[in-house]
Number of protein chains: 2
Amino acid sequence: MTSASGATQAADDSAETGTQQIRDAIRDAIVERRLSPGTKLSESDVGNLFNVSRTLARAALQALSYEGLVSVEKNRGAFVAYPSPEEARQIFAARRLVEPGILREAAARITPADIRHLKQLLLEEGRLIGERGQTARRAEIKASGDFHLALAVISGNAIMQRFMDELVARSSLAIALYGQSTVSSCGHSEHGDIVTAIENKDLDEACRLMLHHITHIEADLDLRQRKDLGLKEALKR
Amino acid sequence: MTSASGATQAADDSAETGTQQIRDAIRDAIVERRLSPGTKLSESDVGNLFNVSRTLARAALQALSYEGLVSVEKNRGAFVAYPSPEEARQIFAARRLVEPGILREAAARITPADIRHLKQLLLEEGRLIGERGQTARRAEIKASGDFHLALAVISGNAIMQRFMDELVARSSLAIALYGQSTVSSCGHSEHGDIVTAIENKDLDEACRLMLHHITHIEADLDLRQRKDLGLKEALKR
DNA sequence: AAGCAAAAAATCGTATACAATCTAGGCGTC
DNA sequence: GACGCCTAGATTGTATACGATTTTTTGCTT
């Protein structure tokens with residue numbers, strides 16, 4: 001619920017109602033991996049699906065392209081983004097670069113209520129890992145990201161929060177493409193350790209754990225360049 | 001020249017020619033402060049100005065709103081963004097958070113050619129400070145940002161590069177609104193010091209200087225809340 | 001049957017049209 | 001003269017229309 005529409009607004013008064021809704025729906029579908037990288041998103045289809053004109057569908061796709069979740073190719077249309085191994089590396093490099101800083105700012109402003117909230121998220125995440133079925137798996141993916149997003153919220157910096165929204169969403173894409181282990185459930189305990197370190201006011205340790213955690217996620221990816229990638233057209237549909 | 005259109009593309013194949021052009025033109029105008037915060041940007045006006053339909057004008061404005069440079073209010077239109085003091089603080093907080101990291105990555109990959117390029121930028125910047133006239137002033141503003149952007153380019157991370165583009169542009173808005181000293185020319189020597197520290201492989205010192213530099217820029221702003229800000233309508237046009 | 005060329009269909013790029021909403025000015029009342 | 005209401009104009013929100021580009025299909029040739 002925290003992340004249902006928790007992306008771009010902040011103080012966003014814009015919210016072209018229709019567009020916003022479509023954008024969030026598609027974003028969620030991408031992040032939860034109901035839409036695979038490379039899937040074509042035709043403007044007409046999206047429009048029909050939401051009972052809205054191509055104009056709005058196009059606007060939504062355009063918006064998603066600014067977040068790096070879909071790539072639009074001139075005269076060819078929009079596709080769910082298909083990050084290259086290099087792009088994937090950059091996504092995680094960016095996270096290593098900003099998340100320790102966010103963590104520090106968050107720790108400086110954190111309240112007992114925030115800590116309770118974080119633990120709540122952890123509990124929820126743990127519960128989902130226990131369950132089985134696709135629905136639970138998808139919820140787990142989202143929950144895993146929500147932890148990092150929650151820290152950004154606590155940090156109180158709306159700009160960093162939006163940036164993290166983008167990074168977490170794009171991470172999900174990279175994992176969908178290059179992830180090896182079935183799920184990144186491995187990372188759950190690491191989230192808990194980070195909270196503990198924050199509670200103990202051991203920021204250096206918390207940051208160390210955070211960096212380790214991100215590296216751990218990335219290590220589960222197989223980012224070796226696929227050689228036959230020249231005919232990327234084949235992948236696009 | 002490095003920054004002429006040096007913002008959003010990277011591997012951007014999209015480039016709806018018309019929209020892209022309009023967006024860059026308006027962005028430049030905002031960054032160079034030819035457009036003041038709060039200025040109304042009507043879709044028809046923008047369209048006419050670029051001999052293009054409202055459709056494309058709207059798309060360009062929408063794009064700029066994703067970068068935080070214009071704010072669009074439902075049923076009211078688009079305005080050059082008018083960042084609140086709090087927003088301004090967050091912009092600089094974000095820069096303090098990411099720029100040391102970018103600097104470290106850049107330093108790790110920097111080549112002699114890159115260093116020559118940085119010094120070239122410094123020279124150009126120094127030259128502009130010497131000149132007088134509005135044109136020179138505007139060029140100076142842009143040059144000052146270009147230094148930070150160049151570091152992001154050298155870091156080789158396209159995602160951080162795009163983020164820095166946004167932060168530098170928004171900084172320019174904050175300075176335009178709250179800046180006190182005529183120009184931030186004060187910061188020029190600091191840029192030089194940073195390059196020197198990089199050359200000396202003294203990364204800790206370089207980061208220290210960078211943080212100091214950003215704080216210095218922010219310190220020149222008067223971010224006291226204006227009390228009569230309730231009737232923000234008055235400020236909007 | 002495979003390959004290629006041209007035509008047909010689908011899809012995108014952009015402009016225009018119409019409805020909904022907001023803004024401004026005028027008029028009347030108090 | 002000030003306040004409120006109402007109409008006229010301007011501006012945005014969304015849909016539709018049409019030309020351009022790409023993709024697919026068809027049908028012919030080898």
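Atom set for the values below is all heavy atoms of this structure, side chains included, hydrogens, waters and symmetry mates excluded.
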Salt-bridge present ([X], [Y]; N to O < 4.0 Å):
X: B/Arg162; Y: B/Asp165; result: no
X: A/Arg170; Y: A/Glu87; result: yes
X: B/Asp114; Y: B/Arg109; result: no
X: B/Glu218; Y: B/Arg89; result: no

Presence of B/Lys40 side-chain N/O under 4.0 Å of C/dT23 phosphate oxygens OP1/OP2:
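The answer is no; no side-chain N or O of B/Lys40 sits under 4.0 Å from OP1 or OP2.
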Should A/Arg54 be listed as having a side-chain N or O under 4.0 Å from OP1 or OP2 of D/dA15?
no
Whole-Å gap separating [atom2] ([N]) and [atom1] ([X]):
X: B/Glu43; N: C/dA15; atom1: CD; atom2: P; result: 14 Å
X: B/Leu56; N: D/dG13; atom1: CG; atom2: P; result: 16 Å
X: A/Lys74; N: C/dT11; atom1: NZ; atom2: P; result: 19 Å
X: A/Asp45; N: C/dA10; atom1: CG; atom2: C1'; result: 11 Å
X: B/Gln62; N: D/dG13; atom1: CD; atom2: P; result: 8 Å
X: B/Phe79; N: D/dT11; atom1: CZ; atom2: P; result: 12 Å
X: B/Phe50; N: C/dT14; atom1: CZ; atom2: C1'; result: 17 Å
X: B/Gln21; N: C/dG13; atom1: CD; atom2: P; result: 16 Å

Taking for each residue the nucleotide of DNA chain D bearing the nearest heavy atom, is the 5' side occupied by A/Ser53 or by A/Asn75?
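That would be A/Ser53.
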Nearest to side-chain heavy atoms of A/Thr55, which nucleotide of D/dG13, D/dT16, C/dT14
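Nucleotide nearest to A/Thr55's side chain: D/dT16.
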Consider the side chain of A/Ser42, meaning its heavy atoms from C-beta on, and name the nucleotide among D/dT12, C/dT16, C/dT11 that approaches it most closely.
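When the side chain of A/Ser42 is considered, C/dT11 is the closest of D/dT12, C/dT16, C/dT11.
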Report yes or no: is there a donor-acceptor pair, N or O only, under 3.5 Å between the side chain of B/Arg76 and the base of D/dG13?
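Such a pair does not exist between side chain and base.
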Kindly indicate, with the supporting measurements, whether the criterion salt bridge (Lys or Arg N to Asp or Glu O under 4.0 Å) is fulfilled by B/Glu67 and B/Arg23.
CA-CA 11 Å; B/Glu67 299 179 41; B/Arg23 183 167 64 102; 2.7 Å; yes
